[in-house]
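A short write-up of the structure that comes next.
Positions are given from 1 along the sequence.
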Amino acid sequence: MNLQNIGVIGAGTMGNGIAQVCAQAGFEVTLLDISDSALQKAVATVGKNLDRQIAKGGLDEAQKQAILGRIRTSTDYASLVDAQLVIEAATENLELKLRVLQQIAAQVASTCVIASNTSSLSITQLAASVSAPERFIGLHFFNPVPVMGLIEVIRGLQTSDATHTLALDMATRLGKVAITAGNRPGFVVNRILVPMINEAILVLQEGLASAEDIDAGMRLGCNQPIGPLALADLIGLDTLLAILAALYDGFNDSKYRPAPLLKEMVAAGYLGRKTERGFHRYG
C-alpha cells in the first residue's frame with residue numbers, strides 16, 4: 001500500500017501529537033473528535049508545538065503552514081472514507097474504544113488498516129470488534145508524541161504480516177523507532193514501567209520519603225530524566241490507574257494491585273498536570 005491518508009480519532013494530548021507527527025512526515029491527516037472546540041484546541045496546540053521548532057531553527061514559517069495545511073478536522077466519521085490507516089486515540093476505556101472502532105469500521109474501506117493507541121488493552125479483543133480483524137494492530141505512541149522516539153507495535157492473534165509490515169514502515173517514515181510486542185497486558189514498556197511507578201506511590205503512601213525526594217532519588221541515583229511521581233503526573237493518574245487495573249485483571253497477580261493512594265487521588269480529581277495537581281503542583 002502506498003500510504004498517504006491517515007485518520008486520527010481523538011483530538012486530546014495523544015491524538016493531536018499523532019496528527020502532528022503524521023502531517024510533518026508528509027501524510028494527509030484527518031483529525032476527528034466529537035466537538036469543534038476540541039478540534040480547534042488541538043490545531044492550536046499543534047501550531048504552538050511547531051512554533052517551538054521554529055524558535056529552535058528546526059522549521060520555518062512556510063513549513064509550519066504546510067504541515068497545518070495537511071491536517072483536516074472533522075466531527076463526522078464519514079470523512080474517513082478515503083483513509084488508508086486510521087489510528088484510534090480515544091481515552092483508555094474499553095467500552096469507549098469498542099464503540100469508536102465500530103464507527104470507524106462502518107465508514108472505511110475493507111482494506112483500511114485500523115490501529116489503536118491503547119497502552120494496556122488487548123489488541124486481540126479490540127480486533128475482534130471489527131470486520132477483517134487481520135488488518136488491526138496496536139500502535140502505542142508515547143507522550144509527548146512529537147518528542148518521544150518510540151512506537152510500540154503490538155500484534156493481536158489475528159494481525160497479518162502485511163499489516164505488521166505497514167505499521168513498521170509507517171514508524172520509519174515518522175522518524176520513530178518501532179519495537180514489536182506480543183499481546184499481553186501492558187505490552188513491554190508499561191509492563192516494566194507502571195509497576196515501578198506504583199511502587200514509588202506506595203513508598204510515598206508509607207511516608208518513607210516526600211514526593212520531591214523520591215523523584216530526586218530516582219533522577220540522581222538512577223539517572224532517570226524524570227522522577228516516577230512526576231512521570232505519573234505527566235501520564236495522568238487516571239490513565240495510570242487504568243493501566244494498573246488492566247495489568248491486575250490480566251495477570252491476576254497482586255504485584256500489579258494499584259496503590260490505595262493512587263485510587264484516592266483519582267477519586268479526588270487530582271490527575272496530574274492536566275488538572276494542575278497530582279503528586280506535585282502545577283500551573
Side-chain angles (χ1 to χ4, degrees), residues 7-19 31-35 37-39 41-42 74-75 77 80 86-108 114-130 133 136-145 151-152 154 156 158 181 183-187 189-191 193-195 197-198 201 231-252 256-260 262-275 278:
V8 179
I9 311 300
T13 300
M14 297 305 295
N16 69 57
I18 294 168
L31 179 61
L32 189 145
D33 205 298
I34 59 174
S35 74
S37 61
L39 292 164
K41 182 179 179 182
S74 177
T75 58
Y77 279 83
L80 300 172
V86 177
I87 303 169
E88 168 274 311
T91 303
E92 193 75 352
N93 176 279
L94 178 60
E95 289 73 22
L96 173 61
K97 286 185 181 291
L98 290 174
R99 288 199 303 272
V100 168
L101 293 172
Q102 288 162 7
Q103 289 177 281
I104 294 169
Q107 297 295 335
V108 300
I114 303 175
S116 176
N117 182 54
T118 180
S119 55
S120 60
L121 299 175
S122 168
I123 298 303
T124 296
Q125 183 178 7
L126 295 175
S129 71
V130 303
F136 195 89
I137 198 161
L139 291 177
H140 180 206
F141 291 78
F142 291 80
N143 183 31
V145 178
I151 300 177
E152 213 170 14
I154 305 101
Q158 312 95 318
N183 184 52
R184 296 292 182 274
F187 316 129
V189 175
N190 280 336
R191 172 85 175 270
L193 174 67
V194 170
I197 297 175
N198 194 49
I201 299 170
L231 180 56
D233 286 347
L234 180 62
I235 292 168
L237 303 194
D238 52 342
T239 299
L240 184 67
L241 181 58
I243 297 169
L244 276 164
L247 288 168
Y248 188 38
D249 291 343
F251 290 112
N252 194 28
Y256 300 114
R257 184 184 297 124
L262 174 62
K263 290 179 165 182
E264 189 171 15
M265 293 190 68
V266 171
Y270 302 156
L271 307 182
R273 285 183 176 271
K274 58 188 170 185
T275 61

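- When each of V189, N190, I235 is tested with S119 by the rule side chain to side chain contact (heavy atoms under 4.5 Å, CB included), just one qualifies, namely N190.
- Heavy-atom minimum distance, P258 versus A245: CG-N, 4.4 Å.
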V145 vs M14, side-chain contact (heavy atoms from CB on, under 4.5 Å): CA-CA, chis, key distance, verdict: CA-CA 7 Å; V145 178; M14 297 305 295; 3.6 Å; yes
Run the numbers on V86 and L32 for side-chain contact (heavy atoms from CB on, under 4.5 Å), then give the verdict. CA-CA 10 Å; V86 177; L32 189 145; over 6 Å; no
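- By the 4.5 Å heavy-atom criterion applied to side chains, E264 and Y270 are not counted as neighbours.
- Atom CD1 of I137 is separated from atom CD1 of I154 by 8.0 Å, given to the nearest 0.5 angstrom.
- In this structure, the side chains of V130 and I104 stay at 4.5 Å or more apart for every pair of heavy atoms.
- Partners of Q158 according to the side-chain hydrogen bond (donor to acceptor under 3.5 Å, both in side chains) rule, which considers only residues two or more places apart in sequence or in another chain, do not exist here.
- Counting only heavy atoms from C-beta outward, the side chains of L271 and V266 approach each other to under 4.5 Å.
- Between the NZ atom of K274 and the CG atom of D238 there is a distance of 3.5 Å, given to the nearest 0.5 Å.
- Taken to the nearest 0.5 Å, the CG atom of D249 stands 12.5 Å off from the OG atom of S122.
- Atom CD of E92 sits about 4.0 Å away from atom CG of L121, to the nearest 0.5 Å.
- Atom CZ of F136 sits about 5.0 Å away from atom OG of S116, to the nearest 0.5 Å.
- Nearest heavy-atom pair, N143 versus L234, reported as atom, atom and distance to 0.1 Å: ND2-O, 3.6 Å.
- Between L31 and G10, the shortest heavy-atom contact is CD1-O, 3.6 Å.
- Residues V194 and L240 approach most closely at CG1-CD1, 3.8 Å, considering heavy atoms.
- When all heavy atoms of A90 and V100 are compared, the closest pair comes out as CB-CG2, 4.4 Å.
- More than 12 heavy atoms of other residues, nucleotides or ligands shown are found within 6.0 angstrom of CD on Q102.
- In this structure, S129 has no side-chain hydrogen bond (donor to acceptor under 3.5 Å, both in side chains) partners at least two apart in sequence or on a different chain.
- A pairwise comparison of heavy atoms in A42 and N16 identifies CB-CB, 3.7 Å as the closest pair.
- Side-chain contact between H140 and N117: present, with at least one pair of heavy atoms (C-beta onward) separated by less than 4.5 Å.
- Judged as a ring pair (Phe, Tyr, Trp, His ring centres under 6.0 Å), and not counting sequence neighbours, the contacts of Y256 are F251.
- In this structure, the separation between NZ on K263 and CZ on R257 is 8.5 Å, given to the nearest 0.5 Å.
- Within 6.0 Å of CD1 on I34 lie no more than 12 heavy atoms contributed by other residues, nucleotides or ligands.
- Contact check for L126 versus L94: side-chain heavy atoms found under the 4.5 Å cut-off.
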